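As structure tokens, the structure follows; a few thoughts come after it.
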There are 2 protein chains.
Amino acid sequence: MNSFTEENYLKSIYKLVSGKEAVTTNAIAEKMNTKAASVTDMLKKLSDKKLIKYEKYYGVKLTAKGEKVALNIIRKHRLWEMFLVEKLEFGWDEVHDVAEQLEHIDSEKLVAQIDKFLNYPKVDPHGDPIPDSNGKLHIQKSQLLSTFRKNDNCLMTGVVDHSPAFLQYLAKASLTLGCEIKIKEINDFDRSQQISVNKATPVFISNEVAKNILVTAK
Amino acid sequence: MNSFTEENYLKSIYKLVSGKEAVTTNAIAEKMNTKAASVTDMLKKLSDKKLIKYEKYYGVKLTAKGEKVALNIIRKHRLWEMFLVEKLEFGWDEVHDVAEQLEHIDSEKLVAQIDKFLNYPKVDPHGDPIPDSNGKLHIQKSQLLSTFRKNDNCLMTGVVDHSPAFLQYLAKASLTLGCEIKIKEINDFDRSQQISVNKATPVFISNEVAKNILVTAK
DNA sequence: AAATAAATTTAGGTTAGTCTAAAAAATAAT
DNA sequence: ATTATTTTTTAGACTAACCTAAATTTATTT
């Protein structure tokens with residue numbers, strides 16, 4: 001078994017590596033709010049356990065074994081988030097910290113039953129895909145709202161920024177998962193948009209916001 | 001905040017102290033599968049935090065503060081057990097180990113919502129009372145089935161032994177919480193009983209079993 | 001290509017929780 | 001009331017995860 005700490009390192013490495021060839025010690029240290037020296041210690045340990053491939057002074061990536069562990073933690077995290085929102089009346093801005101704790105609960109049956117109880121959801125409350133029990137991840141291809149043009153119609157599929165502040169802002173503007181967005185106007189100067197959400201009267205959003213909303217064409 | 005370990009010590013002390021004036025170091029060590037020396041160390045720490053009253057070479061009891069923490073852990077443990085049985089199709093013999101983990105999740109809202117989701121249950125799947133959010137415990141008075149007599153009618157309210165083996169045995173005999181038990185016969189020699197469960201054809205149970213079933217007269 | 005800067009690792013320490021073995025206190029037995 | 005036994009505590013060490021400061025390696029300038 002791996003400790004909570006080990007699990008958290010693997011999860012961070014998984015998230016940081018995405019796309020890239022390897023992750024640096026400093027990047028991990030920053031993500032985990034810890035010091036580079038501590039990271040080096042842990043990397044040695046994870047390497048001994050064959051969970052990562054670690055080359056001194058170069059960087060780190062997950063082994064197949066390590067990736068499996070990471071994806072299982074992410075699976076649990078996202079299932080728990082879904083449970084909190086769907087069954088316990090949590091807002092999508094309130095679930096992260098609790099899910100950070102729940103993701104480490106060790107019980108195959110518990111995860112399987114939560115999954116069943118939620119009717120096998122494919123995405124979490126933020127639109128992030130939930131890995132299946134084999135660690136397979138079905139990524140829905142979506143784009144930033146900021147890349148769309150005037151008069152385009154689209155459906156909201158996710159968010160980039162997951163901060164409570166941003167999520168609360170979106171919720172207040174009815175910008176929730178699955179909502180229909182029509183771009184009414186784009187301001188050439190600052191790329192701010194005037195959009196209609198679910199056919200309601202248009203509202204303004206900054207380009208900063210548009211760059212943090214994921215959508216798919218409709 | 002208290003660590004998982006501290007919480008577990010407080011819970012153990014709470015359970016061991018029940019009735020008695022104080023708990024011994026050895027009793028705690030045995031309950032927690034650890035060594036007396038480790039217990040002494042922890043007792044000092046808990047005492048510094050004013051969670052227990054500790055007198056060297058004599059014993060330990062909880063302060064009001066410590067008891068509150070212990071009861072909150074027990075509350076969470078029992079609510080989670082109830083959740084697992086009521087919502088996730090767990091058997092009453094399968095919930096303990098998972099609840100041991102879940103009881104340490106730190107989120108007031110989570111506990112409140114689980115409580116609400118379960119419709120504010122008063123007892124857990126084994127008939128043990130669930131402390132309310134103020135740490136009040138409403139104990140239902142019940143007696144051992146072994147103390148009842150021939151032709152007595154009663155309702156099952158709980159169990160003494162919580163081991164999976166015993167719980168599985170009971171479930172197989174339809175001896176579940178709330179079932180109706182009528183004592184048809186008692187063997188003078190070994191105090192074994194012939195009982196009818198929910199008016200079905202009578203079955204035999206040993207005195208050992210009868211001493212581990214809690215009931216209330218009907 | 002040498003010098004400087006940045007990133008990374010090593011060395012040595014800290015804390016929480018555990019342990020074994022020895023010392024001290026309390027209890028039981030003669 | 002001594003002696004023996006048991007219980008408990010102290011002393012000293014260990015591991016996991018962290019830290020700071022120093023050393024080393026890699027990257028960047030000049």
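Small disclaimer: the values here were computed from a predicted structure and weren't measured. Quick note on labels: first sequence line is chain A, next is B, and so on, each numbered from 1.
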side-chain N/O [X] vs [N] OP1/OP2, d < 4.0 Å:
{"X": "Tyr57(B)", "N": "dT6(D)", "result": "no"}
{"X": "Asn26(B)", "N": "dT6(D)", "result": "no"}
{"X": "Lys56(B)", "N": "dT7(D)", "result": "no"}
{"X": "Thr25(B)", "N": "dT9(D)", "result": "yes"}
{"X": "Tyr9(B)", "N": "dT18(C)", "result": "yes"}

Please state how far atom [atom1] in [X] lies from atom [atom2] in [N], giving the value in whole angstrom units.
{"X": "Glu6(B)", "N": "dT18(C)", "atom1": "CD", "atom2": "C1'", "answer": "14 Å"}
{"X": "Leu43(B)", "N": "dT10(D)", "atom1": "CG", "atom2": "P", "answer": "11 Å"}
{"X": "Glu55(B)", "N": "dT9(D)", "atom1": "CD", "atom2": "C1'", "answer": "15 Å"}
{"X": "Lys44(A)", "N": "dA16(D)", "atom1": "NZ", "atom2": "C1'", "answer": "14 Å"}
{"X": "Asp48(B)", "N": "dA16(C)", "atom1": "CG", "atom2": "C1'", "answer": "14 Å"}
{"X": "Phe4(B)", "N": "dA16(D)", "atom1": "CZ", "atom2": "P", "answer": "19 Å"}

- prompt: Just checking Tyr54(B): base, sugar-phosphate only, or nothing, at a heavy-atom cut-off of under 4.0 Å?
  reply: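 Contact class for Tyr54(B): sugar-phosphate only.
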Passing candidate, side-chain contact (heavy atoms from CB on, under 4.5 Å) with Leu170(A), options Leu177(A), Ile213(A), Asn212(A), Asp161(A): Ile213(A)
- prompt: Is the gap between the ring centers of Phe83(A) and Phe83(B) under 6.0 Å?
  reply: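 Yes - the distance between ring centres of Phe83(A) and Phe83(B) falls below the 6.0 Å cut-off.
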field: Shortest non-hydrogen contact from Val160(B) toward His162(B)
entry: O-ND1, 2.9 Å
Min side-chain heavy-atom separation Trp80(A)-Val95(A) under 4.5 Å: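 A side-chain contact under 4.5 Å is absent here.
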query: Do Arg191(B) and Ser146(B) have side chains that get closer than 4.5 Å, going by heavy atoms?
result: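 Side-chain contact under 4.5 Å: no.
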message: So if I take residues 31-42 of chain B and measure heavy-atom distances to DNA chain C, which residues fall below 4.0 Å?
response: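 Heavy-atom cutoff 4.0 Å gives Thr34(B), Lys35(B), Ala37(B), Ser38(B), Asp41(B), Met42(B).
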- prompt: Do Lys65(B) and Glu67(B) meet the salt-bridge criterion of a basic N to acidic O distance under 4.0 Å?
  reply: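 No, no charged N to carboxylate O under 4.0 Å.
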- line: From the list Lys76(A), Lys11(A), Arg75(A), salt bridge (charged side-chain N to carboxylate O under 4.0 Å, His left out) with Glu103(A) holds only for Lys11(A)
